[in-house]
Amino acid sequence: MSRTERLFDLIEALRRHRQPIAAASLAQELGVSLRTIYRDVQTLVSLGAPIDGEAGVGYLLRPGFFLPPMNFAQDEIEALVLGARWVQRQDDRALSLAASNALAKIAAAAPRDLRDAIGEIGLWVSPSNAQRGAPTTMQRVRDAMRDERKLRIRYGGSDGQQSERTIWPLALAFFDHARVVGAWCELRGDYRHFRLDRIASLDVLPEPLPRRRGALLKEMVAQLYAPHLPADER
């Protein structure tokens, strides 16, 4: 690996982490020595990369740093195309269009024209049999999540009985059989899952969430999922 490639890999490794990451962890991830990490970080800083931190504490790449256009490896192109084609199959029209636009931007930003390469990739996504709910429901849930607003829904339980709920939408999960929103339910006073196909009606409320969605999401994950994960994955 050339030094230039190693510096690019270090930038990408830093970009993947939202919290400071120790130099030892970076060295293990990239397969280089600790001394190399220290030296390469100093080189990147001298070139203008906004990296915070120091040896023994950890490093963090501040948001907003962009590299010049880079070539994509064939596996990377295939991964992007496959993911975008899966998103294009969803009922959320805005998300589907965004996937198409993202691929077009990637093709245009690359040093070589990737449009032909993308069109010739033979990775396809079959139609889903999931029960998805009304076509506009997913987009409205996404909008409420982004704006950190509460939702008022009429929800049908597995017994067929409907109830009025005020929920705080925190995450959308895409299962093979259904699309599910994870939320805090004011009626139950606890975190719950709601299938989109069982939401009979939905209104976005002007009332904001009482806390930041990110903090609530971490709390929900810790409560619902962490107890079921192996200790090394929590």
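Starting from 1, each residue takes its place in the sequence as its number.
- Arg179 contributes no side-chain N or O that, together with a main-chain N or O of Met138, makes up a donor-acceptor pair within less than 3.5 Å.
- Hydrophobic clustering (side-chain heavy atoms under 4.5 Å, transitive across Ile, Leu, Val, Met, Phe, Trp, Tyr) groups Leu95 together with Val204.
- What you find for Asp40 and Arg6 is that their closest heavy atoms are OD2-NE, 2.6 Å.
- Residues passing the side chain to side chain donor-acceptor pair (under 3.5 Å) test with Ser158: none are found, sequence neighbours excluded.
- Atom CZ of Arg165 sits in a crowded spot, with more than 12 heavy atoms from other residues, nucleotides or ligands closer than 6.0 Å.
- Looking at Leu82 and Ile121, their side chains never come closer than 4.5 Å, going by heavy atoms from C-beta outward.
- Residues Asp197 and Arg195 are paired through a salt bridge, judged by an N-O separation under 4.0 Å between the basic side chain and the carboxylate.
- Without hydrogens or angle criteria, Gln90 side chain to Trp86 main chain gives a donor-acceptor distance under 3.5 Å.
- Using a 4.5 Å heavy-atom cutoff, the side chains of Ile167 and Arg192 are not in contact.
- Val32 and Ile51 fall within a single hydrophobic cluster, where Ile, Leu, Val, Met, Phe, Trp and Tyr are joined by side-chain heavy atoms under 4.5 Å apart, directly or via other members.
- Put simply, Phe174 and Val141 are part of the same group of oily side chains (I, L, V, M, F, W, Y) that touch within less than 4.5 Å, one to the next.
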Apply the test side-chain contact (heavy atoms from CB on, under 4.5 Å) to residues Leu80 and Ile77: give CA-CA distance (whole Å), side-chain angles for both, the deciding distance (0.1 Å), then the verdict.
CA-CA 5 Å; Leu80 290 169; Ile77 296 173; 5.7 Å; no
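- Residues Phe194 and Pro169 form no side-chain contact, since every pair of their non-hydrogen atoms from C-beta on lies 4.5 Å or further apart.
- Proximity of Leu14 to Leu26: side-chain heavy atoms (C-beta onward) are separated by under 4.5 Å at one or more points.
- The two residues Trp184 and Gly189 come nearest to each other via the heavy atoms CH2-O, 3.1 Å.
- Between the CD1 atom in Ile37 and the CG atom in Leu30 there is a gap of 5.0 Å [rounded to 0.5 Å].
- Taking CD from Gln28 and CD1 from Ile21, the interatomic distance works out to 9.5 Å, rounded to the nearest 0.5 Å.
- Taking CD of Gln162 as the reference point, atom CZ of Arg154 lies at 5.5 Å (rounded to 0.5 Å).
- Listed here is the closest heavy atom pair of His193 and Gly182: CD2-CA, 3.9 Å.
- In this structure the side chain of Thr166 never reaches within 4.5 angstrom of the side chain of Leu151, judged on heavy atoms.
- The shortest distance between side-chain heavy atoms of Leu97 and Arg93 does not fall below 4.5 Å.
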After noting the C-alpha distance and the side-chain angles of Leu172 and Leu196, does the key distance pass the side-chain contact (heavy atoms from CB on, under 4.5 Å) rule?
CA-CA 10 Å; Leu172 268 173; Leu196 296 190; 4.1 Å; yes
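- Between Pro208 and Arg149, some side-chain heavy-atom pair lies under the 4.5 Å cut-off.
- Residue Val41 forms a side chain to side chain contact (heavy atoms under 4.5 Å, CB included) with just one option from Leu44, Val45, Thr43, and that option is Val45.
- Linking ILVMFWY side-chain heavy atoms closer than 4.5 Å, directly or via other members, places Leu34 and Tyr59 in a single hydrophobic cluster.
- Taking CG of Asp147 as the reference point, atom CG of Leu209 lies at 10.0 Å (rounded to 0.5 Å).
- Applying the side-chain hydrogen bond (donor to acceptor under 3.5 Å, both in side chains) definition to pairs two or more places apart or across chains, those involving residues 209-220 are Glu148-Arg212, Tyr191-Glu219, Arg211-Glu219.
- Smallest separation of non-hydrogen atoms from Glu164 and Leu187: O-CD2, 4.2 Å.
- Within the 4.5 Å cutoff, the side chain of Val81 has no heavy atoms near those of the Leu123 side chain.
- Shown here for Leu217 and Ala171, the closest heavy-atom pair between the two residues is CD1-CB, 3.8 Å.
- For Arg16, the CZ atom sits in a packed shell: over 12 heavy atoms of surrounding residues, nucleotides or ligands are nearer than 6.0 Å.
- Every residue two or more places apart in sequence or in another chain that forms a side chain to side chain donor-acceptor pair (under 3.5 Å) with Asp143 is listed here: Arg146.
- The two residues Ala13 and Glu29 have their closest heavy-atom pair at CB-OE2, 3.7 Å.
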